[in-house]
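For reference, the structure is listed below as C-alpha cells.
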Amino acid sequence: MSPQSRARQIRDVVFVDGVRTPFGKAGEKGIYAGMRADDLVVKCIRELMRRNPSLPPERIDEVAIAATTQTGDQGLTIGRTAALLAGLPQSVPGFAIDRMCAGAMTAVTTTASGIGFGAYDVVIAGGVEHMGNHPMGKDADPNPRFVTERIVDPAALNMGNTAENLHDRFPDITKERTDAYAAASQERLAKAYANNQIQPDLVPVASKKPGTGWTLNTVDEGPRPGTTVEDLAELRTPFRAHGRVTAGNASGLNDGATTALLASADAAEELGLPVKMRLVGYAFAGVEPEVMGYGPVPATEKVLKQTGLSIEDIGLFEINEAFAVQVLSFLDFYGIADDDPRVNRYGGAIAVGHPLASSGVRLMNQLARQFEEDPTVRYGMTTMCIGLGMGATIIWENPNHPDYNTDTESTEATK
C-alpha cells in the first residue's frame, strides 16, 4: 500500500499547561506602559518551559502567537521572533496569526489540527495584545467598499455599537440584567483570587516607571472588587445616548499575553507531561458584523453537531465577557440562568480584562483548573465572540473524570 493511500489515524490532542501575564490596563498609567508586547510573550514561553522541565526545547515543533495589530512590537512574525527571544533552539519555527479576539484560540486550534494530523508532536500557542502600544483599529484602512456597497454598517466597526445592537435585538436583556451580571463577575473573580485559583497560572512581570523604579506585577490590574449594581447604574453610556452598554458591563482596554503547551496524547505520555484537558472538537462561525456578540451561538451549535454532544453534556462554560449582553444572549439561547454556577466560575473579562488576541488561552487556563477541582464534570467549553461578526467554540474533556476518553463513538465524531 502506498503512503498516499494508507488511512491516516487522527491523534488525540491534549492541553498540557497554560500561563499568562497579569493583565494590565492599557495606557500611560498601566503597569506595562513603556514595555514591549513581544517581551510579554517571551516571559510566558520561558515560564512554560520552566514549569515543564521534562520537555526538551528541541522537541517543540511550532510556536504560533496571535496579535490583532501586527505592527511594531507585535509584528515581524511574532511567533518566530518570540521563540528566538525566549531562547528556544533555532530549529523551532514559528508564525503569527490574526483572528481578532479569538487569535490565541485560533493559534490553539490551528496547531492542534497539526498535531492531530501528525505534523507536530508538541507546540506552543498563544496570543498578545498591548493595547497601550496598539489601540484597536489604529492605522486600520477598511476597504471603502464596506460602506459604498453596504457590506457592513460602518457602525459595526465599533464593538460597543454592536453590543448596543444586540440589546436592540433582545430587549429582554436589560441594562439592569447586564449590570447585575457584571457585578457578579467582579465578585466571582475576587472570590477566585481569595481562593488562590487565579495566581498559579500567572507569570510575574517586572516593570519600570520613571520616578517610581521597578515593580513586580503578580496580579491583574483591572479588577474592581466590591463593585455594586448601584455603582454600575451611575456610569455613562458612551456608544449611544440613553444606551445600555457602559465601561462597567463591558471588558476594558488591556495589555497582556498568554501561551499554552499542547501535545499529542502519545507525546505527552512519552515526555512525562501532564494532561489537563483533551480537545474534543472546535468550530468557528460567522454572523452579521452588526451583532458580532452573537457569534458564540452558531459556533457552539456547529461544534455540538460535529461531536454528537448536547448542551446538557457541558458541565462548565468559560465564555469571554467582551460585553455582558453578549454572554446573556448566549445563555438565553440555551435556557441557562444568568447566575448558573457552571458559567465563568472565576469571573470573566469584565473583571479581569480582555487583551484581545490573548484571551482564548486565559479561558482554557481557567477551565483546566476547574476540571482539576471538579472531577464530576466530564466536558467543558471555551467560547467567545469575534470582531467583524464571528464566534469560536472549543469543547474539552476532563481527564479527571472516571469516564475520560472511554466513549469511542464521541472520539470518532471528532475525526
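Basis for what follows: all heavy atoms, side chains included, without hydrogens, waters or symmetry-related copies.
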Salt-bridged, Lys276 to Glu372, with N to O below 4.0 Å? no

Presence of salt bridge, Arg378 and Asp313, under 4.0 angstrom: no

Nearest-0.5 Å distance, CG of residue Leu48 to OG1 of residue Thr259: 3.5 Å

Students often mix this up, so state it plainly: with edges at 30° and 60°, are the rings of Phe170 and Tyr294 parallel, tilted or perpendicular? tilted

Can you tell if the side chain of Leu363 reaches within under 4.5 Å of the side chain of Asn320, non-hydrogen atoms only? yes

Nearest 0.5 Å, what's the CE-CG distance between Met159 and Leu356? 10.0 Å

Between CG of Asp73 and CZ of Arg36, what distance do you get to the nearest 0.5 Å? 5.0 Å

Distance under 6.0 Å and angle within 45° of ring axis: Arg99 vs Phe284: yes

Charged N-O contact under 4.0 Å between Arg240 and Asp168: yes

Which atom pair, heavy atoms only, marks the closest approach of Pro22 to Val219? CB-O, 3.2 Å

Could you check Val122, Val123, Val92, Ile115 and say which one makes a side chain to side chain contact (heavy atoms under 4.5 Å, CB included) with Glu62? Val123

Atom CD of residue position Glu58 - does it have more than 12 heavy atoms of other residues, nucleotides or ligands inside 6.0 Å? yes

Pi-cation contact, Tyr181 with Arg188 (under 6.0 Å, within 45°): yes

Is it true that Arg11 and Asp266 make a salt bridge, defined as a side-chain N closer than 4.0 Å to a carboxylate O? no

NZ/NE/NH1/NH2 to OD/OE distance under 4.0 Å, Glu270 and Arg59: yes

Under 3.5 Å: donor-acceptor pair, side chain of Arg169, backbone of Asn165: no

Chi angles and distances behind the salt bridge (Lys or Arg N to Asp or Glu O under 4.0 Å) call for Asp201, Arg51: CA-CA 10 Å; Asp201 295 325; Arg51 286 166 51 133; 3.1 Å; yes

Is it true that Glu318 and Gln370 share a donor-acceptor pair across their side chains at a distance under 3.5 Å? yes

Working note: Arg20 + Thr258, criterion side chain to side chain donor-acceptor pair (under 3.5 Å); need CA distance, chi angles, decisive distance, verdict. CA-CA 4 Å; Arg20 68 176 178 89; Thr258 63; over 6 Å; no

Hey, what do you get for CG (Leu166) to SG (Cys385), rounding to the nearest 0.5 Å? 9.0 Å

To the nearest 0.5 angstrom, please state how far the CE atom of Met384 sits from the NE2 atom of His354. 5.0 Å

How about Phe333 and Glu301: do any of their side-chain heavy atoms sit closer than 4.5 Å? yes

Rounded distance (nearest 0.5 Å) linking atom CZ of Arg177 with atom CG of Asp332: 4.5 Å

